[in-house]
Amino acid sequence: MNILFFGPNGSGKGTQGAIVKEKFNIPHIETGVIFRDNISKGTTLGKEAKGYIDRGELVPDSITIPMILDRIKQKDCKEGWLLDGFPRNLTQAEALDKALKQENINLDIVIEIVLDRQIAKNRIMGRRLCVNDNNHPNNIYIDAIKPNGDKCRVCGGELKTRSDDQDEGAIDKRHNIYYDDKTGTVAAINFFKNLSAGSGGVPKIIELDGKPGVKEVAADLLGKLA
Ligand code: AP5
């Protein structure tokens, strides 16, 4: 099963992606996580990516596209993959589509979380990341997933903030890229919606309302995947 996961920054892609990964037993490939791992290890890729990420800009396509196209060729992706955070603009969408067609690989499902940008922004600013598992939901502004004091509400692990989560200007830039329907992420989503409309509903398009709580969105998602 090959799946793309779209949604504005802070809408819950990482949170809900963990559920999709478990359901289909496929790797959850998060572009942002790959970059952050490289930054924390001080690799050349990390050094190249850091400035762009801190400013809320996209890492250049010349770095990101080959990185992801190589990643989905790895052995653990034989039975499928879930891409979260890629494609993020029309150029990346077209490059992915071209690469899949060349390799005769089908795209099965495109999931889109729909969420107002102010709600997404509040979620980003309140997000706290568990050092044991990025996908343990913790948010200081949301009662249902408030941390336990300064510890993870799921496992008691230490919590940290992401450097790009506390800068409102950078968050706005990330959202401007997302909601851009000419060349940005919404343009990429529309690219796949048009493909689906022209190919008898393949890939399947699943739209989710991101406003309800984590459990409600998960239930909606699992229902639509069934
Ligand atoms: P990335 O890591 O993708 O960061 P992002 O854009 O902020 O989006 P996230 O994926 O972190 O948010 P999310 O939707 O997963 O939300 P989450 O589940 O955490 O990218 C970082 C940077 O890397 C980019 O800015 C760019 O520079 C670079 N980059 C990445 N991909 C690239 C690409 N393809 N090309 C070029 N550059 C690229 O949820 C957010 C919070 O809300 C959490 O606290 C969570 O617990 C909470 N929450 C989730 N769901 C709910 C709910 N239903 N109700 C209440 N709270 C909820």
Side-chain angles (χ1 to χ4, degrees), residues 4-20 28-39 45-46 48-69 71 82-93 95-96 111-115 117 119-130 133-147 152-154 159-167 170-179 184-185 188 208-221:
L4 299 183
F5 211 135
F6 289 102
N9 321 73
S11 61
K13 297 182 302 294
T15 307
Q16 301 299 336
I19 292 168
V20 178
H28 181 187
I29 301 167
E30 298 176 84
T31 322
V33 172
I34 298 176
F35 287 137
R36 283 189 291 281
D37 280 351
N38 277 277
I39 291 170
L45 172 63
E48 279 175 333
K50 187 170 182 340
Y52 297 101
I53 291 180
D54 286 344
R55 289 190 297 274
E57 294 165 8
L58 292 185
V59 177
D61 290 341
S62 56
I63 297 175
T64 310
I65 293 173
M67 177 182 93
I68 294 298
L69 296 184
R71 176 66 187 87
L82 167 63
L83 286 184
D84 166 349
F86 184 94
R88 229 165 172 122
N89 60 27
L90 189 55
T91 306
Q92 294 181 5
L96 176 66
I111 304 168
E112 177 192 11
I113 299 185
V114 179
L115 190 66
R117 68 189 277 170
I119 300 176
K121 187 175 184 176
N122 294 345
R123 286 188 187 166
I124 290 179
M125 297 197 81
R127 170 167 55 194
R128 296 296 178 268
L129 291 179
C130 172
D133 187 336
N134 265 341
N135 293 317
H136 285 168
N138 285 280
N139 198 298
I140 60 167
Y141 297 142
I142 299 166
D143 283 342
I145 52 172
K146 249 197 185 124
C152 173
R153 47 181 280 284
V154 179
L159 294 176
K160 55 179 186 171
T161 50
R162 264 171 55 179
S163 61
D164 58 341
D165 275 359
Q166 303 304 313
D167 175 345
I171 295 170
D172 287 340
K173 266 200 215 162
R174 278 145 77 187
H175 280 148
N176 287 343
I177 295 167
Y178 185 84
Y179 291 101
T185 315
L208 301 171
D209 176 7
K211 237 185 282 135
V214 173
K215 284 186 187 149
E216 288 81 1
V217 177
D220 185 21
L221 172 59

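As the structure is a prediction and not an experimental result, all values here were calculated from the model. Count residues from 1 along the sequence. One-based numbering, in listed order, for ligands and for the atoms of each.
Between the side chains of Asp54 and Ser163, at least one donor N or O sits under 3.5 Å from an acceptor N or O.
Judged as a salt bridge (Lys or Arg N to Asp or Glu O under 4.0 Å), and not counting sequence neighbours, the contacts of Lys146 are Asp143.
Put simply, the side chain of Lys211 never gets that close to the backbone of Leu115: no donor and acceptor are under 3.5 Å apart.
In terms of heavy atoms, Phe35 sits closest to Thr64 at CZ-OG1, 3.6 Å.
Once rounded to the nearest 0.5 Å, the distance linking CG of Asn139 with CZ of Arg153 reads 10.0 Å.
Within 4.0 Å of ligand 1, counting heavy atoms only, the contacting residues are Pro8, Asn9, Gly10, Ser11, Gly12, Lys13, Gly14, Thr15, Thr31, Gly32, Phe35, Arg36, Ile53, Glu57, Leu58, Val59, Thr64, Gly85, Phe86, Arg88, Gln92, Arg123, Arg127, Pro137, Asn138, Asn139, Ile142, Ile145, Arg162, Asp164, Arg174, Gly210, Pro212, Gly213, Val214, Val217.
A salt bridge is defined here as a Lys NZ or Arg NE, NH1 or NH2 lying under 4.0 Å from an Asp or Glu carboxylate O, and Asp164 with Arg55 fails to meet this definition.
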